[in-house]
Each structure stands twice: as structure tokens, then as C-alpha cells.
Protein chains: 2
Amino acid sequence: MSTPGSRRRRPTIYDVARLAGVSTATVSRALNDTGQVAEPKRVAIDAAVEQLGYRPNTIARSLVTRATQTIALLLPDITNPFYAELVAGIQALTLERDYTMLLCTTGFDPELEERYLRLLRAKHVDGALVDGLVLPPERIARFVEDGFPIVCLDRDVSSPAVPLVQVDNRLGAGMATEHLLSLGHRRIAHIAGAPARISEERLLGYQAALESAGVTPDSALVALGAFTETGGHDAMCALLESAPDLTAVFAANDLSAIGAINAIVASGRSVPGDVSIVGFDDLRLSRFTSPPLTTVRQPADEIARHSTELLLGMIAGRKPRKIHHLFVPELILRDSTRTPR
Amino acid sequence: MSTPGSRRRRPTIYDVARLAGVSTATVSRALNDTGQVAEPKRVAIDAAVEQLGYRPNTIARSLVTRATQTIALLLPDITNPFYAELVAGIQALTLERDYTMLLCTTGFDPELEERYLRLLRAKHVDGALVDGLVLPPERIARFVEDGFPIVCLDRDVSSPAVPLVQVDNRLGAGMATEHLLSLGHRRIAHIAGAPARISEERLLGYQAALESAGVTPDSALVALGAFTETGGHDAMCALLESAPDLTAVFAANDLSAIGAINAIVASGRSVPGDVSIVGFDDLRLSRFTSPPLTTVRQPADEIARHSTELLLGMIAGRKPRKIHHLFVPELILRDSTRTPR
DNA sequence: CTGTTAGCGCATTCAG
DNA sequence: CTGAATGCGCTAACAG
């Protein structure tokens, strides 16, 4: 019992060394399993550690090892459940590897993105996972050239030093649109996401699918949705105005699909009776909406695992062999789509 | 242009001092605005910093100042949008104050909670915001006595050194139940949360409201829901089995309410036609569900702001004056409740 | 107002 | 296998 509440200076490695009758070097070796230490000394050290309640000061350690056992995660919006699921996956792995995770939400603001990146480097974070950054590629690449490992998600920096891991957004958008097309829909609207690379990719996939089915894209059928429920709702209202004859919509993500459904229902129409809708992400939530949402699944867990593994590898000095890691999306059929009236 | 890609040692405060023709102490004072520095020297220092691209090493700084400008946030599940909203609020404030935030998800696991707390102290995080911990109060209090500032959310440690900030859970649960009662419902079920203090509080509020309305609680009307969509869904299925005559349900949070609605609809019943339902939290999402959810609002943003402010204050050495900070919940009426058939 | 001098707590040569 | 010595980069007395 080490007198609780005592405002005593926390024990250092010197205290342990003295109590165990060895040098600090030996204590350090014993504690970090680096180099050999005779058994009796090891025992004495363990006892001293125990008795003193000694905990190494990781700050001091970091100063000399130049490693903090901490990674950072930059993402646009933690309030989006897809990102939250990603975080959960990353967290699980960092926990396993005794890493700790700094979370920074950037809200698609390039200034903030760069500010955080600078800050993180100054804090000597070991590396960063950056999702959906809008910052120009050169600026991101510069950090990497500077010796700061980065793995990108949902945004290519096209540098051989910056791996990218993501679902194939264009393909997924194509799958969603083709599904609607195959049901017989022709007036298919799209609720786009916030201005960022994934939004473009999904829009492109949507347009390509339309064109290869012989239907010409109509700008009255596209509205901006910001990847949020509110954004989806408002976009849908606009769409219902600009193209009242639409029979289906592909929303850039599940959240905006949910907002859109609300708007559709509020307008007196039904889903999927009057308008079919497909989302993107396959949130855990989307199985439970009314109606359950047809959507394009991205494997959040695999993406989390793979990107983290990659980053940790880079931190350990391994060069990524593949620079692009593309996961294939999967169309999940539920009850929000059907053939048009 | 500082030769990009150069693997040169990063400049230190010594380099700046030498280039500016002053001592490191002066550089430090100039950079941190501590003590006076003559204008010409200041200019020279700024120029040297600029030319060298110098960035202070925060690790080294932390070693001497014993502060890391980092706080930690422990919470059960980032995948729950309520916590995500909390995180967003906290993040906003930490950004303002130049703090950085470590996120740790604990999944209601006391071992993990303690492991993280130890780790965070070893990392010399300046303080922690801990939400819904199930760890015994003494263990939490011990960290505080040890000089590690902690602010609790949704869980009282009943120590004058550990402030608590939360919504009045019991009151909120009472409001939800009374609302149902006032509509004329008598067979009101409850979907409880995961085993944690808030779940107990909300259950208590529910039972008290029932009793003061003269309806005797029936254990067949209570099921465990885990605070998730799936949990809510499964609990609802069980409830529909054990108490088929129920006409209303109070779910411990919005997520489980959403799962419950799905189960109700799947059973051939309608919401609110056959069964009314009220949630807790008022997620951003809950405005957009079908039907939009009647729920008890907790002010995530205010809770985030207040608790963070409090923690930052404690870190700065201020003693919290009030130890309990209870926010009052608000009943939000939407379309998931109505009078029973 | 400024420079000199000590550490902060630890890992790591380098001898032995 | 072990210890003495050094330094990571910075701030904080303490003199001047």
C-alpha cells in the first residue's frame, strides 16, 4: 500500500535502480527486454518496481526513442456512423498493438487539415491515417517526404510513398445505379456528397452507369447532399421540385438516403412505392430503417484493419508493397427499391 | 525552399539560437511569450525560425513542463451517435484551446477501463473525460488522488474531487413515461440499456412514474437492449412475446428505439398505430426516422462544452465549485406516440 | 532584458 | 552480462 493521496514525486528509474542495487541501464534493459539480464537481478528489479509502484514515463522515453506509440486519425466528421465504425475498427487494432489514437475531425476544411497535420508532426505522433482530406496532394506528400508516415483513405495522393486504401467508390456507385436501371427505372436522381474526392467518384460511377444504359444524364436530377441526414433531406426536396417525375434516387451515402426518405414521405409519396432509393455504406443502422435500406456495402472493418496494419507496418520501417488497396463493394438488397409504377 | 526530401536532422532550439545570435533561453522566451524580449532580437528569432523551418519538439517540452496539452476521452462505444456527437463537441473546444484528444473506447469493460486509465497516466495526458465507466468508484477516485484530473459523465464517483456532469437521467425517463401515461397507455414496456449506471437511472425513472400513476410495474414488460439497434430489436421481439398486450414502450435510447420500431413493424404492427414508442437522446437522426421519433433530448453539445471546460479548468489548477452538474432533459414530441387504440 | 547552468526521465553507446 | 557516461530538446531558475 503506497500511502494513497501522497503528493510524493513519482518514482523514476533511478529509484528502482537504487532499490534493486543495479544501474539504471540494467533496469531499462530488464523492463524493455532488450539485452540480457541475470535472473537474480531481474527478480530484484521486478520487486523494486512493484514496491515503488514505478511506471515508466513515456514522455521521457519518447524523447530518446523518437517514437510515441501513438497514431492519429484525421477524418471529416465523427458524427457520421460510417466513420464511427471505422474508428471502432482502428481502435481495436491499436489497442492490440499497444498504440494509442488521437482523433481529429476536419470537416472538409483544408486549413484545418493542414493545421492538424503540423500539430501532429510537432507532437511526434508516429503516423497518421487520413480519411477524405481535401488538402492538395502535394501538401500531404510533403509530410511524408518529411518522414511522417501517412496512409490515405478515400483520397489518392498519387505518390508512391502514400498508400491508399478504400472501397472502389466508382464501382459501387455503378452497382447501385445499375440495380435501379435493371428494375426498370429511367429517371434516376443522385444526391451527391460534400465536395470531396469520394463524392466525385460516386457521381462519376452513377453517370457512367446511366450512359452505358443509354440514358442521358440530366443535371436536374443531381443535387448536393453533404453526406448528412439534413443534407439528404434538403437535396431531396429540391429534387422533387426540379424533377417531379423521378422514380428512383441513388444517395451518396446512407445518412443522406435516410434524410431523403423522410422528405419523400413528407411529400406524400412512399418508399419504395413511388420512389426507390439506394444508399451507400451499409451502416449497421440501415438494416433497421423503415423501410430497411438497399445499399452498397463498404467493409468498414476490413478497411480499418488493413489501413491500420499498413500504417503500423510503415512505422516499423516496412515499405508498402502495394500502393493501392481497393476493396470491392457489395450491393445489399433490402426493401427500399422496387420496379417503378 | 528547404530542400524537400532531405533527411537532415530537424532543427532544434540551438540552431535557432545560433542563427539568431542569442541564447536558447531567449528563443524559448520569445516563442512562448514568457518574459520580455527586446524587439530586434525577437525579429531575428522569428527570421531564424522561418529560415530553418523550426518547429518546437513538444515531447521535449512536455518532459520539462509536465504537461502534454492532451486530454483523453473514454467512452463505451463511439459507434453510438450520441457519443459521436459528444466527441464532436469536445473536439471543437479542444481545438479552440490548442489541446489534442485521445479517444479510447471501453465497451463497458472495467478491465479495459482501468488499463486505459493507467496507460493514459503513464503517457502523462493532462486529464480525462470518462463517460459511463463501470469501474468501481474507488478505482477511479484513486487516479484523481494521484493527481490525474478526471471529469465523469453519466456516472457518479461520489468524491468531492471528481465532478459529474450529465443530464438528469431519472427525470428524463420519468418524462418519457409520464408522456405515455398521459396519452392513456397503461401497458408500457421498457427496453433497458447495457448494465451501467445510466441504465439503472432510466429504469428507476420509468418505474417511479408508473408507480406514481398507480400502475404496478410488471417484469414481463422490461427487457434488456444494450443501447444498440440490434439490442433494441431483440428486446422488442422478446417483449412482444412476453407481453403481447403492450401498447407503448419507452426505450433507454434512440438507437434501441429504432431497432424496436423495426421489430414492431416486422411483427405486423404499426407505430404509433398499434404501439407508441419514445426514445432517449434525441439524436440528429431521430428527426428523420419513419416515423420521426418522440424522444427525450439530452443537450449533447452543452454537456460536451461544460465537461470539457471543467476539465480544462481543473488542469489549469482551478477547483470545481459545483461538483454535480445536472442538465435538464426535454421531451421532444414527434410522431411515434399517440393515444392507444 | 539576457545568458549560463541545470535538469526533466529515460535509452543507449562504450568499456569492462 | 553490467555500469558509467552521454544526450534526446526544451524550460526554468538564477545571476548578471
Side-chain angles (χ1 to χ4, degrees), chain A residues 7-46 48-49 52-70 98 119 121-126 147, chain B residues 7-46 48-49 52-70 98 119 121-126 147:
Chain A
R7 208 34 52 275
R8 217 177 40 235
R9 176 176 71 74
R10 298 181 57 96
T12 74
I13 199 171
Y14 285 98
D15 300 315
V16 175
R18 193 176 320 118
L19 184 57
V22 301
S23 74
T24 62
T26 301
V27 175
S28 177
R29 281 188 286 252
L31 263 34
N32 300 316
D33 262 321
T34 165
Q36 322 275 56
V37 174
E39 198 48 30
K41 305 215 172 196
R42 171 159 267 143
V43 172
I45 289 167
D46 288 349
V49 164
L52 262 29
Y54 170 74
R55 301 277 152 194
N57 178 331
T58 62
I59 303 282
R61 176 181 305 182
S62 292
L63 186 58
V64 26
T65 61
R66 297 160 172 299
T68 50
Q69 296 283 109
T70 299
D98 275 311
L119 179 62
R121 193 184 40 190
K123 289 216 171 196
H124 283 248
V125 158
D126 294 340
Chain B
R7 213 23 61 269
R8 214 175 40 234
R9 176 176 70 74
R10 297 181 58 95
T12 74
I13 199 170
Y14 284 99
D15 301 315
V16 175
R18 193 177 320 119
L19 184 57
V22 299
S23 74
T24 62
T26 302
V27 176
S28 176
R29 281 187 285 252
L31 262 33
N32 300 316
D33 262 320
T34 165
Q36 321 277 50
V37 174
E39 198 47 32
K41 303 216 172 194
R42 172 158 264 141
V43 172
I45 290 168
D46 287 349
V49 164
L52 261 31
Y54 168 75
R55 301 276 151 196
N57 179 333
T58 62
I59 302 283
R61 178 185 319 207
S62 292
L63 187 58
V64 26
T65 61
R66 297 160 172 300
T68 49
Q69 296 282 112
T70 299
D98 275 311
L119 179 63
R121 196 185 36 191
K123 289 216 170 195
H124 282 246
V125 159
D126 295 340

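In what follows, every heavy atom counts, from backbone to side chain, and hydrogens, waters and symmetry copies are set aside. We name chains A, B, ... by the order of the sequence lines, and we start the count at 1 in each one.
- Proximity of a side-chain donor or acceptor of Asp126(B) to a complementary backbone N or O of Gln69(B) within less than 3.5 Å is detected.
- Residue Ala38(A) is the one, among Thr24(A) and Ala38(A), whose nearest nucleotide of DNA chain D lies closer to the 5' end (criterion: closest heavy atom).
- In this structure, CG of Leu31(A) is placed 12 Å from C1' of dA11(C), rounded to the nearest angstrom.
- Remark: C1' of dC8(D) and CD1 of Ile13(B) are 14 Å apart, rounded to the nearest angstrom.
- Taking atom NE2 of residue His124(B) and atom P of nucleotide dG9(C), one finds them 8 Å apart after rounding to whole Å.
- For the segment residues 54-64 of chain B, the set of residues with a heavy atom within less than 4.0 Å of an atom of DNA chain C comprises Leu63(B), Val64(B), in numerical order.
- Looking at Thr24(A), its side chain never comes within 3.5 Å of a backbone N or O of Ile13(A) through a donor-acceptor pair.
- Under 3.5 Å, the side chains of Arg61(B) and Asn32(B) contain a donor-acceptor pair of N or O atoms.
- When each of Val37(B), Ile45(B), Val16(B) is tested with Val22(B) by the rule side chain to side chain contact (heavy atoms under 4.5 Å, CB included), just one qualifies, namely Ile45(B).
- Of the side-chain N and O atoms in Thr26(A), one or more sit less than 4.0 angstrom from OP1 or OP2 of dG3(D).
- Distance Gln69(A) CD to dA11(C) P: 12 Å, rounded to the nearest Å.
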Check the pair Asp33(B) / Arg42(B) against salt bridge (charged side-chain N to carboxylate O under 4.0 Å, His left out), numbers first and verdict last. CA-CA 10 Å; Asp33(B) 262 320; Arg42(B) 172 158 264 141; 3.3 Å; yes
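- When distances run from any side-chain atom of Arg29(A) to the nucleotides dC10(C), dA11(C), dT2(D), the shortest one goes to dT2(D).
- Without hydrogens or angle criteria, Thr68(B) side chain to His124(B) main chain gives a donor-acceptor distance under 3.5 Å.
- Following rounding to the nearest Å, Asp15(B) (CG) and dC10(D) (C1') show an atom-to-atom distance of 13 Å.
- Inspection of the Lys123(B) and Thr70(B) side chains reveals no N or O donor paired with an N or O acceptor under 3.5 Å.
- Comparing Thr34(A) and Ala25(B), the nucleotide of DNA chain C nearest to each residue sits closer to the 5' end for Ala25(B).
- Using a 4.0 Å cut-off, some side-chain N or O of Lys41(A) falls inside it from OP1 or OP2 of dT2(D).
- OP1 and OP2 of dG9(C) both lie 4.0 Å or more from every side-chain N or O belonging to Thr12(A).
- The CD atom of Glu39(A) sits 10 Å away from the P atom of dT2(D) (whole-angstrom rounding).
- The distance from atom OH of Tyr14(A) to atom C1' of dC10(C) is 8 Å, rounded to the nearest whole Å.
- In this structure, the CG atom of Asn32(A) is 15 Å from the P atom of dT2(D), given to the nearest Å.
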